[in-house]
Amino acid sequence: MTTHVPPTISQFSQPGDLRVGGGALAQLPDVLKTLGLCRPLVVTDRFLLDTGPARRVMTILESQGMAPRLFHETVPDPTTDSLKAAVAAAGEHGCDAVIGLGGGSPMDTAKAVALLAAQGGAMADYKAPVRNDGPALPVIAVPTTAGSGSEATQFTIITDSVSQEKMLCAGRSFLPAAAIVDYELTLSMPARLTADTGIDALTHAIEAYVSKKATPLTDGLCLTAISSIGRHLRRAHADGSDAEARAAMMVAATQAGIAFSNSSVALVHGMSRPIGAHFQVAHGLSNAMLLVAVTEFSISAATARYADCARALGLADSGHDDGAAARRLVAGLADLCRDLQVPTPREYGIDHEAWHRLIPVMAQQALASGSPANNPRVPSAEDIEQLYTSIYC
């Protein structure tokens, strides 16, 4: 591992109560009782209501004498408009907590609702570079995918319904008070979602490791997560019932989430958010579309760090110098995306004219998010435009 000494004193944050393992969901009432809470708003989506997990959570809570309210109207890539009904529901019920049940979108919604219910205002008031450390309702995160890491981060992403900007909002206001990380909730994930969320977790770990804000505390989490994802993602994708692979991916996603919550993501994420906002591409998939090209663009500025990532993924060993290992990382990531059938924007069905017309806008939105500044090689707007052009294919 290449030693990286951060230039300033760093803070390290994670949920105060992490329950990890198969069957951990049953401990949700105990988590709430420990925090002195009993009237949570359960924020989830229609899919998890229809397939059973949301009803299961309600039953578990009600059986312990709690008074939950269910909100199941979250949408993929939540918007400022989509938050209104959830905030109203929290107020009407007199909620003392918010439970985010689902993938990144329900958890992002839960975090935003928790802050707005306590402080009011509009989400645009809280977007980066604003740092949010003020009051919020306690959030208990219950992920049902192994990818976003949102259960362990101090970030939420909300799209402005007017401008279509994907707003990055950061600070301890968004850090869950507790998280239930139960891999059994992921056993029914379809292959496409498994691939997209798995590459999302890998992107988190790689970017957190090469970030200019990386610290020795986050480095170990990153490399462990990268190694585990390298061994288990293809297995989980090929066989969704592979409990060992699912459990390993769930832990790796949380490790990567803790890591990037403290050392930040970089250029891939800065560029992926505008793709999701303008073309309704799932966050993990838009990261996957970018990962190879952005890594190749960046390796010259942090060759040793990218080489560590290659070794953790099993793509290189001590016999490869850093330059060769970093190049093998680019090739190995391309192989992984090919094996997991990651489409290009063109293959996904995005219109050629619309994509190229919006490239200047997306480049400016990427830079405005602040994430590209954490990249080992800090890009110009022109660099970002060229990268968007190159991945369309």
Without swapping roles, check the side chain of [X] against the backbone of [Y] for a donor-acceptor pair under 3.5 Å.
X	Y	answer
R328	L315	yes
E207	V268	yes
N375	V378	no
T224	L221	no
D200	G284	no
K213	N374	no
E385	P360	no
Q119	P135	yes
T34	D30	yes
T156	D108	yes

request  = Mark yes when over 12 heavy atoms from residues, nucleotides or ligands other than E296 sit less than 6.0 Å from its CD; otherwise mark no.
outcome  =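 It does not: E296 CD has 12 such atoms or fewer within range.
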message = Surrounding CZ of R56 (heavy atoms of other residues, nucleotides or ligands, distance under 6.0 Å), is the total greater than 12?
response =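 12 or below, so no.
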Gap separating the [atom1] atom of [X] from the [atom2] atom of [Y], nearest 0.5 angstrom:
X	Y	atom1	atom2	answer
L32	I60	CG	CD1	11.0 Å
S263	L217	OG	CG	10.5 Å
Q365	L367	CD	CG	10.5 Å
Q280	T159	CD	OG1	9.0 Å
L340	L233	CG	CG	5.0 Å

request  = Decide side-chain contact (heavy atoms from CB on, under 4.5 Å) for L329 and L313; before the verdict, give the C-alpha distance in whole Å, the side-chain angles of both, and the deciding distance to 0.1 Å.
outcome  = CA-CA 8 Å; L329 176 65; L313 264 177; 3.8 Å; yes
request  = Treating Ile, Leu, Val, Met, Phe, Trp and Tyr as nodes and any side-chain heavy-atom pair under 4.5 angstrom as an edge, say whether L137 and L175 lie in one connected cluster.
outcome  =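 The answer is no; the residues belong to distinct hydrophobic clusters.
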Taking atom types as modelled, is there a side-chain donor on [X] or [Y] under 3.5 Å from an acceptor on the other?
X	Y	value
K111	S150	yes
N287	S272	yes
S241	D239	yes
R55	T59	no

query = Just one of L41, T44, L49 clears the side chain to side chain contact (heavy atoms under 4.5 Å, CB included) bar with F71, so which one?
reply =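 Only one of L41, T44, L49 forms a side chain to side chain contact (heavy atoms under 4.5 Å, CB included) with F71, namely L41.
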Does a side-chain heavy-atom distance below 4.5 Å link [X] with [Y]?
X	Y	value
I275	L290	yes
R192	H237	no
T186	M250	yes
L267	I384	yes
P379	F297	yes
P345	M289	yes
Y306	I206	yes
T144	S188	no

Keeping to residues at least two apart or across chains, list the side-chain hydrogen bond (donor to acceptor under 3.5 Å, both in side chains) pairs with something in [range].
range	result
residues 91-107	R39-H93, R69-E92
residues 129-138	R131-D133, R131-Q154
residues 165-174	S13-R172, D77-K166, K127-E165

task = List the steps and the verdict of side-chain contact (heavy atoms from CB on, under 4.5 Å) for Y388 and H356.
result = CA-CA 8 Å; Y388 277 133; H356 287 83; over 6 Å; no
ask   = Residues two or more places apart in sequence or in another chain: which of them pass salt bridge (Lys or Arg N to Asp or Glu O under 4.0 Å) with R311?
value =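 Residues passing salt bridge (Lys or Arg N to Asp or Glu O under 4.0 Å) with R311: D308, D322.
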message = Does the plane of the ring in Y392 sit parallel, tilted or perpendicular to the ring in H352? Use 30° and 60° as the thresholds.
response =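 Answer is perpendicular, since the angle exceeds 60°.
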Verdict with reasoning, V98 to V42, per side-chain contact (heavy atoms from CB on, under 4.5 Å) = CA-CA 6 Å; V98 184; V42 179; over 6 Å; no
query = Between R273 and S371, is a side-chain hydrogen bond (donor to acceptor under 3.5 Å, both in side chains) present by the stated rule, with each step listed?
reply = CA-CA 10 Å; R273 297 185 195 107; S371 297; 3.1 Å; yes
ring-ring contact (aromatic ring centres under 6.0 Å, His included) contacts in which one or both residues fall within residues 170-205, not counting sequence neighbours =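 Only H204-F260, H204-H269 qualify under ring-ring contact (aromatic ring centres under 6.0 Å, His included).
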Working for side-chain hydrogen bond (donor to acceptor under 3.5 Å, both in side chains), residues T74 and D45 = CA-CA 5 Å; T74 64; D45 56 31; 4.7 Å; no
request  = Could you list all the salt bridge (charged side-chain N to carboxylate O under 4.0 Å, His left out) pairs where at least one residue sits in residues 243-258, not counting sequence neighbours?
outcome  =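 Found R235-E244.
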inquiry  = I'd like to know whether L185 forms a side-chain contact (heavy atoms from CB on, under 4.5 Å) with V142, so could you lay out the CA-CA distance, the side-chain angles of the two residues, the decisive distance to 0.1 Å, and finally the verdict.
reply    = CA-CA 9 Å; L185 293 170; V142 185; 3.7 Å; yes
